[in-house]
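The figures that follow rest on heavy atoms only: side chains count, while hydrogens, waters and symmetry mates do not.
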Amino acid sequence: MHDETSLWRESGLRLSGFGHYYPRLLVENESADDPAGNAVDEAVIGRLDVRSRHVADEEETPAYMGVRAARAALDQAGVAPGEIDLVVFSNWTDRQFVPEWAPHTAHLLGAERALAFDVCGACTGFVHGVQTAAAYFGTHTDWRHALVVSSERFSRRVRPGSKGELIVGDAAGAAVLSRGAEPDAGLWDSLLISDGSGRETVTVYPPNGWIKSSRELVSIAADSHADLAARMLARSGAKMEEIDWVVPHPGTGQLHTAVRERLSIPQERFVTNYETRANTGSASVPIVLSEMALDGRLKPGDLCYTPTVGSGWYYGGLLFRV
């Protein structure tokens, strides 16, 4: 975690395909309705920047959504389910004891020979999943393809009627990690940092399981983003102005503004779908990458940085060239 050089620059690993799935129900937020909320809402959320969000029905479980995102990613990568060696599944909104979601997802997908397991890390789960998959490639030299799936039903983790309910949504995103990157392309680096002193920054406790944020969330998260960027840029030798796309986990509109200003990132290179999809937890980064790949914004040679923060306290990111 504290190495001063990029982890994967010489690994030959690349993100070869992306996919996403949005639940059938699209909920529109009234544009004129910006509820004041409480003091914490004002500090953390600020203005209601979300226009629409998706809410999963009972059939749209994390596995159901994850399979559909995974199929799209596999199609884009040109990889068959039977070629997958590993499935890593991130989810925090539907955590359960057993069984885990990953083996069920792999079975439904037809990836019968893949090792499959879950990871968490809250909203950093996609970074956690990619880093874990990359590490497995180092010990399984015959493996060719891994699938990272992030599937969340965030709508179930907010108090009904709260302002928080209006800024979270459900979705699944997926990415295929494959061997065979061209020189200087593919996955350059990943970094995941934990800081237990910040464990009360964001909490979800029984009996209701509703998310609760500290008033200091935005400042803590902005500090984490600054530390992460400093470390990852130093490790890779890259400069922020050389990065084509910054694709962050979108916590809130307040946080976006704080991070852009803190790191001097031009708005046109700072990409989220927060306004139309809301905060979708660990799925937020891969669904944006999938949308960008589909509409042609994500082009070969582009350098991408995906910073995230999450309850734990965790913060981490990926740096890769398409």
Nearest non-hydrogen partners of Thr308 and Val127, listed with the distance: OG1-CG2, 3.7 Å
Residues, nucleotides or ligands: over 12 heavy atoms within 6.0 Å of Glu200 CD: yes
Side-chain donor-acceptor contact under 3.5 Å, Ser150 with Ser90: yes
Stepwise salt bridge (charged side-chain N to carboxylate O under 4.0 Å, His left out) check, Arg231 with Asp227: CA-CA 6 Å; Arg231 293 196 196 197; Asp227 182 50; 3.2 Å; yes
Within 6.0 angstrom of Glu241 CD, more than 12 heavy atoms from elsewhere: yes
From CG (Asp85) to OH (Tyr136), nearest 0.5 Å: 13.0 Å
Modelled atom types, side-chain donor and acceptor of Trp313 and Ser224, under 3.5 Å: yes
Please output the side-chain donor-acceptor pairs of residues 50-61 that fall under 3.5 Å, not counting sequence neighbours, one pair per line with the distance.
| residue | atom | partner | partner atom | Å |
| --- | --- | --- | --- | --- |
| Arg51 | NH1 | Glu275 | OE1 | 2.7 |
| Ser52 | OG | Thr276 | O | 2.8 |
| Arg53 | NE | Asn29 | OD1 | 3.1 |
| Arg53 | NH1 | Glu165 | O | 3.4 |
| Arg53 | NH2 | Asn29 | OD1 | 3.4 |
| His54 | ND1 | Pro23 | O | 2.9 |
| His54 | NE2 | Arg277 | NH1 | 2.7 |
| Asp57 | OD1 | Arg24 | NH2 | 3.3 |
| Asp57 | OD1 | Glu59 | N | 3.0 |
| Asp57 | OD1 | Glu60 | N | 2.9 |
| Asp57 | OD2 | Arg24 | NE | 3.4 |
| Asp57 | OD2 | Arg24 | NH2 | 2.8 |
| Glu58 | OE2 | Arg156 | NH2 | 3.1 |
| Glu59 | OE1 | Arg24 | NH2 | 2.9 |
| Glu60 | OE1 | Asp57 | N | 2.9 |
| Glu60 | OE2 | Tyr21 | OH | 2.5 |
| Glu60 | OE2 | Arg24 | N | 3.0 |
| Thr61 | OG1 | Ala63 | N | 3.4 |
| Thr61 | OG1 | Tyr64 | N | 3.1 |

Worked verdict on Tyr22 versus His20 for ring pair (Phe, Tyr, Trp, His ring centres under 6.0 Å): CA-CA 7 Å; Tyr22 297 120; His20 66 268; 4.9 Å; yes
His104 side chain near Pro99 side chain, heavy-atom distance below 4.5 Å: no
Heavy-atom pair with the smallest gap, counting every atom of Cys304 and Leu298: SG-CD1, 3.5 Å
Minimum heavy-atom distance between Ser151 and Gly66, given as atom pair plus value: OG-N, 3.8 Å
Connected via hydrophobic side-chain network under 4.5 Å: Val79 and Phe89: yes
Side-chain (Asp170) to main-chain (Phe154) donor-acceptor, under 3.5 angstrom: yes
pair Asp223-Tyr315: side-chain heavy atoms closer than 4.5 Å: no
Close side-chain approach of Ile84 to Leu74, heavy-atom, < 4.5 Å: yes
Polar side-chain atom of Glu152 near backbone of Ala283 as donor-acceptor pair, under 3.5 Å: no
Between CD1 on residue Ile211 and CG on residue Asn279, distance to nearest 0.5 Å: 7.5 Å
Intermediate values then yes/no, side-chain contact (heavy atoms from CB on, under 4.5 Å), Lys212 and Thr203: CA-CA 5 Å; Lys212 181 180 179 180; Thr203 58; 3.8 Å; yes
Phe320 and its side-chain contact (heavy atoms from CB on, under 4.5 Å) partner, picked from Leu177, Leu187, Leu303, Asp189: Leu187
Minimal non-hydrogen separation, Ser236 against Arg9, with atom names: O-NH1, 3.3 Å
Where Phe18 and Ala293 come nearest, the two heavy atoms and their spacing: CD1-CB, 4.3 Å
Distance, nearest 0.5 Å, that separates CG of Asp94 from CH2 of Trp101: 5.5 Å
Atom pair CG/NZ of Asp244 and Lys299 - distance to nearest 0.5 Å: 9.5 Å
Pair Ser282-Trp92, side-chain donor/acceptor within less than 3.5 Å: no
Linked, directly or transitively: Val148 and Val285 (ILVMFWY side chains, under 4.5 Å): yes
Ile193 with Leu255, same ILVMFWY side-chain cluster at under 4.5 Å: yes
From CA spacing to verdict: side-chain contact (heavy atoms from CB on, under 4.5 Å), Arg235, Leu7: CA-CA 9 Å; Arg235 286 154 57 105; Leu7 278 177; 3.6 Å; yes
Short side-chain to backbone donor-acceptor contact, Arg269 and Ile243, under 3.5 Å: yes
Trp245 and Asp302 side chains, donor-acceptor separation under 3.5 Å: yes
Criterion side-chain contact (heavy atoms from CB on, under 4.5 Å) on Ile167 and Leu48, from CA distance to verdict: CA-CA 7 Å; Ile167 68 159; Leu48 181 60; 3.6 Å; yes
Ser16 side chain vs Ala77 backbone, donor-acceptor pair below 3.5 Å: no
Rounded distance [0.5 Å steps], CZ in Arg297 versus CG in Leu289: 10.0 Å
Note, His249 side chain near Thr124 side chain (heavy atom, < 4.5 Å): no
CE on Met292 to CG on Asp295, rounded to 0.5 Å: 7.5 Å
Residues, nucleotides or ligands: over 12 heavy atoms within 6.0 Å of Glu182 CD: no
Atom of Ala69, atom of Ala172 and distance for their closest heavy-atom approach: CB-O, 3.6 Å
Stepwise side-chain contact (heavy atoms from CB on, under 4.5 Å) test for Thr272 and Ser284: CA-CA 8 Å; Thr272 79; Ser284 60; over 6 Å; no
Under 3.5 Å side-chain donor-acceptor pair for Ser214 and Glu216: yes
Side-chain (Thr93) to main-chain (Arg153) donor-acceptor, under 3.5 angstrom: yes
Residue pair Glu291 / Val271, side-chain heavy-atom distance below 4.5 Å: no
same_hphob_cluster(Val176, Phe117) at 4.5 Å side-chain heavy-atom cutoff: no
Arg179 (side chain) donor-acceptor with Trp143 (main chain) under 3.5 angstrom: yes
Matching residue for Leu147 among Thr105, Leu109, Val88, Leu86 - test: side-chain contact (heavy atoms from CB on, under 4.5 Å): Leu109
Asp118 and Asn91, any side-chain heavy atoms less than 4.5 Å apart: no
Linked, directly or transitively: Leu13 and Val87 (ILVMFWY side chains, under 4.5 Å): no
Side-chain heavy-atom pair Leu233, Met240 within 4.5 angstrom cut-off: yes
